[in-house]
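Small disclaimer: the values here were computed from a predicted structure and weren't measured. Index from 1, following the sequence.
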Amino acid sequence: MSGVRWIAGLGLALFLCSLAGWAVAEHWDWLRLPLSGSDEHRIDVRAAWHGRVMVVSWSVMLPLGVLAARYFKVMPGQGWPAVLDNKRWWRMHLWLQVGGSLAGLLGVLLVLGMATRQTALAQWHALCGWLVMLCACVQLVSGFLRGSKGGPTCEQWQGDHYQMTSHRVRFERLHKSIGWLALLLALIATLIGITMVDAPRWMALSIAAWWAALFMVGLLLQRAGRCIDTYQAIWGPAPTHPGNRRRPIGWGVRRLPGD
């Protein structure tokens, strides 16, 4: 049955790709025009590369890092809870967030000192952009200061995470809240940016479709119960673990009852 589903899904994906290719070919003259409908689109080279780098950072790497952390703490086929503490999600989350933050820094450096028209859109774009970078800094620093792990897989059982100390609770609340805020600000900054530079229509539609796809994937994974509590993903559902005796932190987080 699973093989049939994969074949059906692949066939649907190929059909949709073919349909999208036909639509692009039929409407390319309209798609290549700027959003305003102007006959030409000019942008400074540094500003253009700033936009490309920021899209990779804010619209690709950072959201994928969030999806990895939220929905893949237990991997498909892992055999949880017999197999615990899968670290692949952590590595994906770490490298995507650090890489996205570094790409964002590069994007800032590309336009630092450039003379721009201080329109209302430009000011809002700059404000949201700097706030995203501030959120990235807070996330990186808070990650380093998250405290010790502890638990049966460590030499030292006593740890902030295993004991769910007040330090760990504050970290999780801050880290998750800032993460969602950063995503929202990144989306706003991206929408303002493509409007401000009068980007080609195909680019605006592609970015919008990508964000819509991210939202749909997140919604499907959430409905499938993939958002499992970090604590249980690492140590399992047994009520003997102290962290299992308190409510999970964050909205929509799934916790399974222990034996």
Side-chain angles (χ1 to χ4, degrees), residues 1-10 13 60-100 139 142-180 183 213-259:
M1 181 64 70
S2 60
V4 174
R5 289 177 180 174
W6 276 107
I7 294 173
L10 180 60
V60 179
M61 298 183 75
L62 296 182
L64 289 179
V66 171
L67 287 178
R70 185 168 176 85
Y71 298 114
F72 292 94
K73 290 186 175 75
V74 174
M75 299 292 290
Q78 178 181 322
W80 183 93
V83 179
L84 298 170
D85 201 8
N86 160 60
K87 292 184 172 61
R88 278 181 287 179
W89 74 268
W90 160 247
R91 298 187 186 102
M92 287 189 295
H93 178 66
L94 177 64
W95 289 112
L96 284 168
Q97 301 308 88
V98 172
Q139 293 294 75
S142 67
F144 282 111
L145 300 177
R146 66 188 181 277
S148 57
K149 181 179 180 181
T153 58
C154 296
E155 294 182 3
Q156 181 66 38
W157 272 67
Q158 300 296 319
D160 290 297
H161 196 178
Y162 184 67
Q163 300 296 131
M164 285 305 289
T165 63
S166 58
H167 177 82
R168 177 70 193 194
V169 171
R170 286 193 297 268
F171 159 73
E172 290 203 15
R173 287 174 177 165
L174 175 68
H175 197 69
K176 293 178 180 181
S177 299
I178 295 296
W180 288 117
L183 273 187
L214 288 173
F215 176 80
M216 289 303 300
V217 168
L219 182 61
L220 291 174
L221 291 171
Q222 185 70 38
R223 291 176 61 87
R226 296 286 310 157
C227 184
I228 298 174
D229 181 31
T230 308
Y231 195 95
Q232 284 198 334
I234 296 174
W235 291 293
T240 53
H241 300 305
N244 283 333
R245 295 194 289 268
R246 63 169 296 131
R247 294 180 62 184
I249 298 171
W251 65 273
V253 179
R254 181 185 180 199
R255 171 166 287 177
L256 300 179
D259 296 331

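Considering all non-hydrogen atoms of both residues, Gln78 and Lys73 come closest at OE1-O, 4.0 Å. The minimum heavy-atom distance linking Leu84 with Ile234 is given by the pair CB-O, 3.3 Å. Among all heavy-atom pairs drawn from Pro152 and Tyr162, the shortest one is CD-CE1, 3.7 Å. Taking all atoms of both residues into account, the shortest heavy-atom contact from His175 to Ser142 is ND1-OG, 3.3 Å. Looking at every heavy atom in both residues, Phe72 comes nearest to Leu67 through CD1-O, 3.6 Å. Here the shortest heavy-atom pairing between Asn244 and Tyr231 reads OD1-CD2, 3.4 Å.
The closest donor-acceptor contact from the side chain of Arg255 to the backbone of Asp229 lies at 3.5 Å or more, if one exists at all. The backbone N or O of Asp160 lies less than 3.5 Å from no partner atom in the side chain of His167, so there is not a single donor-acceptor pair. Between the side chain of Asn86 and the main chain of Val74, no donor-acceptor pair closer than 3.5 Å is present. Distance alone, capped at 3.5 Å, places no donor-acceptor pair between the Arg226 side chain and the Leu221 backbone. Not a single donor-acceptor pair under 3.5 Å links the side chain of Arg146 to the backbone N or O of Arg168.
A distance of 5.5 Å separates CG of Leu219 from CE of Met216, quoted to the nearest 0.5 Å.
Two residues are said to be in side-chain contact when any heavy atoms from C-beta on lie closer than 4.5 Å; Gln139 and Gln97 fail this criterion. A heavy-atom distance below 4.5 Å is found between the side chains of Leu64 and Val60. When side chains are defined from C-beta on, Trp80 counts as touching Pro237, because their heavy atoms get closer than 4.5 Å. Counting heavy atoms from C-beta outward, Arg254 and Pro248 have side chains that stay 4.5 Å or more apart. The shortest side-chain heavy-atom distance between Thr230 and Trp90 does not fall under the 4.5 Å cut-off.
Heavy atoms of other residues, nucleotides or ligands lying less than 6.0 angstrom from CZ of Arg223 number 12 at most.
Looking at Gln222 and Arg70, their side chains do bring a donor and an acceptor atom within 3.5 Å of each other.
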Report task. Tell me, with the steps shown, if Met164 and Glu172 meet side chain to side chain contact (heavy atoms under 4.5 Å, CB included). Result -> CA-CA 10 Å; Met164 285 305 289; Glu172 290 203 15; 4.1 Å; yes

